[in-house]
Participant: 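Pasting a structure here, questions to come.
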Amino acid sequence: MASILHPSSFLSSSSSSTTTTKPPVPPPFSRPQATLSPPSKSLLTKLTTTLTATALATTILTTTSPSLAADSPTTYNIYYGTAASAANYGGYGGNSDKKASAEYIYDVPDGWKERLVSKVEKGTNGTDSEFYNPKKKSEKEYLTYLAGFRQLVPKDVILNNLALSDVNLQDLIANADGVTSEERKDENGQLYYDYEIDGVSGHSLISVTCAKNKLYAHFVNAPAPEWKKDEATLRHIHQSFKTVG
């Protein structure tokens with residue numbers, strides 16, 4: 001007797017024969033993470049030392065050394081003035097050795113030039129010597145003298161008398177912001193009057209004393225810009241004046 005196959009058995013068999021298995025999907029690729037360990041103490045010390053040295057080297061290269069930036073000190077020469085009369089100017093009729101016959105001295109900065117004083121000028125306003133800065137001729141020092149003074153009179157009288165024979169001094173005093181005066185004595189007890197005139201356009205230092213029956217007046221003048229720049233040098237010149245012999 002023939003066996004009757006149930007339709008469900010057929011379908012089940014057919015379905016089993018057509019089913020396929022999908023291959024497993026691999027997990028997504030991930031790049032291995034690198035593990036960074038903190039730098040060692042010795043490495044940090046080395047890096048810090050290197051950076052410090054680099055910064056120091058940069059500072060040295062970009063900063064001017066004070067010793068190189070500073071101006072070299074000013075050198076001076078001593079001038080020996082004779083305060084000789086116009087008749088004996090230049091040694092004529094007298095001793096031509098200025099050092100041996102000097103009546104006064106003062107310092108002259110190295111590089112300054114001497115202006116030769118004419119006999120006429122010497123005989124009229126008593127100018128005996130003059131030096132100037134060749135870079136700025138109005139920056140100068142000079143000395144005048146007047147005979148017949150045994151001793152100093154009051155300070156204001158002296159300054160007024162000096163201005164009478166010096167138009168530039170008159171103008172400087174008239175337009176001055178301030179005029180100061182003081183007395184001092186040198187190592188030998190000789191009396192000096194020191195004046196300082198601070199004007200809008202210039203500055204003047206004056207030192208006056210009496211010796212050998214003469215009144216000596218030493219002037220140091222400079223325009224305002226040069227005064228600010230060369231004040232130390234100009235004050236040195238002013239303080240170097242004294243009578244000798």
Participant: Salt-bridge test for E187 and K242: reply yes if a basic N is under 4.0 Å from a carboxylate O, no otherwise.
Facilitator: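 Salt bridge: yes.
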Participant: Shared ILVMFWY cluster between I173 and V167, side chains joined below 4.5 angstrom?
Facilitator: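 The answer is no; the residues belong to distinct hydrophobic clusters.
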Participant: Could you walk me through whether L152 and Y193 pass side chain to side chain contact (heavy atoms under 4.5 Å, CB included), step by step?
Facilitator: CA-CA 9 Å; L152 292 173; Y193 289 167; 3.8 Å; yes
Participant: Can you check salt bridge (charged side-chain N to carboxylate O under 4.0 Å, His left out) on E226 and K135, steps first, answer last?
Facilitator: CA-CA 10 Å; E226 277 64 37; K135 297 179 181 179; over 6 Å; no
Participant: Can you confirm whether L215 sits close enough to T144 that some side-chain heavy atom of one is under 4.5 Å from a side-chain heavy atom of the other?
Facilitator: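 Side-chain contact under 4.5 Å: no.
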Participant: Does E183 have more than 12 heavy atoms from other residues, nucleotides or ligands lying within 6.0 Å of its CD?
Facilitator: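 Enclosed: over 12 neighbouring heavy atoms sit under 6.0 Å from CD of E183.
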Participant: Quick one: is the NZ or CZ of R184 closer than 6.0 Å to the six-membered ring centre of Y192, and within 45° of its axis?
Facilitator: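 Yes, a cation-pi geometry.
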Participant: Do E114 and S129 pair up side chain to side chain, a donor and an acceptor below 3.5 Å, judged on atom types alone?
Facilitator: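 Distance-only check fails for E114 and S129.
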Participant: Assess whether side chain to side chain contact (heavy atoms under 4.5 Å, CB included) is satisfied between Q190 and K185, documenting all intermediate values.
Facilitator: CA-CA 5 Å; Q190 183 167 324; K185 291 185 178 181; over 6 Å; no
Participant: Between I78 and D107, does the side chain to side chain contact (heavy atoms under 4.5 Å, CB included) criterion hold? Intermediate values first, please.
Facilitator: CA-CA 5 Å; I78 300 176; D107 287 350; 3.7 Å; yes
Participant: Looking only at atom types and distance, does a side-chain atom of D166 sit under 3.5 Å from a main-chain N or O of L162, one as donor and one as acceptor?
Facilitator: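 No.
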Participant: May I ask you to check whether E196 and H203 show a side-chain donor-acceptor distance below 3.5 Å?
Facilitator: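 Indeed, the side chains of E196 and H203 share at least one donor-acceptor pair under 3.5 Å.
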Participant: Locate the shortest heavy-atom distance separating K155 from S181; write the atom from each residue and the value.
Facilitator: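 For K155 versus S181, the nearest heavy atoms are CE-OG, 3.3 Å.
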Participant: Kindly give the heavy-atom pair with the smallest separation between F241 and T243, and that separation in Å.
Facilitator: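 Looks like CZ-CG2, 4.4 Å.
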Participant: What's the separation between atom CG in N133 and atom CD in E139, rounded to the nearest 0.5 Å?
Facilitator: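 Rounded to the nearest 0.5 Å, the CG-CD separation comes out at 4.5 Å.
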Participant: Just verifying a value: how many Å separate N221 CG and L172 CG, rounded to the nearest 0.5 Å?
Facilitator: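 Spacing of CG (N221) from CG (L172) equals 7.0 Å.
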Participant: Side-chain heavy atoms under 4.5 angstrom apart, residues restricted to Ile, Leu, Val, Met, Phe, Trp, Tyr: same cluster for L159 and L191?
Facilitator: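 L159 and L191: one cluster.
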Participant: If I compare all heavy atoms of A83 with all of Y216, which pair ends up nearest, and what's the gap?
Facilitator: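 A83 and Y216 have their closest heavy atoms at CB-CE2, 3.9 Å.
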Participant: How far does CD of E130 sit from CD of E141, to the nearest 0.5 angstrom?
Facilitator: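 That separation rounds to 9.5 Å.
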Participant: Under the criterion side chain to side chain contact (heavy atoms under 4.5 Å, CB included), I'd like the reasoning laid out for R115 against V117: C-alpha separation, chi angles, the key distance, then a yes or no.
Facilitator: CA-CA 6 Å; R115 184 182 73 83; V117 179; 4.3 Å; yes
Participant: Can you name the closest pair of heavy atoms from S240 and I237 and give their distance?
Facilitator: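 Smallest heavy-atom distance, with atoms named: OG-O, 2.7 Å.
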Participant: Any link between F219 and Y104 through a network of hydrophobic side chains (Ile, Leu, Val, Met, Phe, Trp, Tyr) touching at under 4.5 Å?
Facilitator: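 Hydrophobic grouping puts F219 apart from Y104.
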Participant: Indicate the atoms forming the closest heavy-atom contact of T82 with D128, along with that distance.
Facilitator: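 Nearest pair, atom of T82 first, then D128: N-OD2, 3.9 Å.
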Participant: Within this structure, what is the OG-CH2 distance for the pair S204 and W227, rounded to the nearest 0.5 Å?
Facilitator: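 The CH2 atom of W227 is 9.0 Å from OG of S204, to the nearest 0.5 Å.
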Participant: Mark yes or no: K98 above the aromatic ring of Y80, with NZ or CZ under 6.0 Å from the six-membered ring centre and no more than 45 degrees from the axis.
Facilitator: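 No, K98 and Y80 do not form such a contact.
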Participant: Shared ILVMFWY cluster between Y142 and Y76, side chains joined below 4.5 angstrom?
Facilitator: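 No.
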Participant: As a test of understanding, state which of E231, H238, Q239 forms a side-chain hydrogen bond (donor to acceptor under 3.5 Å, both in side chains) with R235.
Facilitator: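 Single pass found, and it is E231.
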Participant: Rounded to the nearest 0.5 Å, how far does CG of L205 lie from CD1 of I197?
Facilitator: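 If we round to the nearest 0.5 Å, I197:CD1 and L205:CG are 9.0 Å apart.
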Participant: When you look at D194 and S207, which way does the side-chain hydrogen bond (donor to acceptor under 3.5 Å, both in side chains) test go after all the steps?
Facilitator: CA-CA 5 Å; D194 288 333; S207 184; 3.1 Å; yes
Participant: Any chance you could measure K229, atom NZ, to K136, atom NZ, to the nearest 0.5 Å?
Facilitator: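 The NZ atom of K229 sits 9.0 Å away from the NZ atom of K136.
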Participant: Looking only at heavy atoms, what is the nearest atom pair of T233 and T74, with distance?
Facilitator: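 That closest heavy-atom pairing would be OG1-OG1, 3.5 Å.
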Participant: I206, I105: one ILVMFWY side-chain cluster at the under-4.5 Å cut-off?
Facilitator: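 The answer is no; the residues belong to distinct hydrophobic clusters.
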Participant: Quick check: are there more than 12 heavy atoms from other residues, nucleotides or ligands sitting under 6.0 Å from NZ of K113?
Facilitator: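 No - once you tally the heavy atoms of other residues, nucleotides and ligands closer than 6.0 Å, there are 12 at most.
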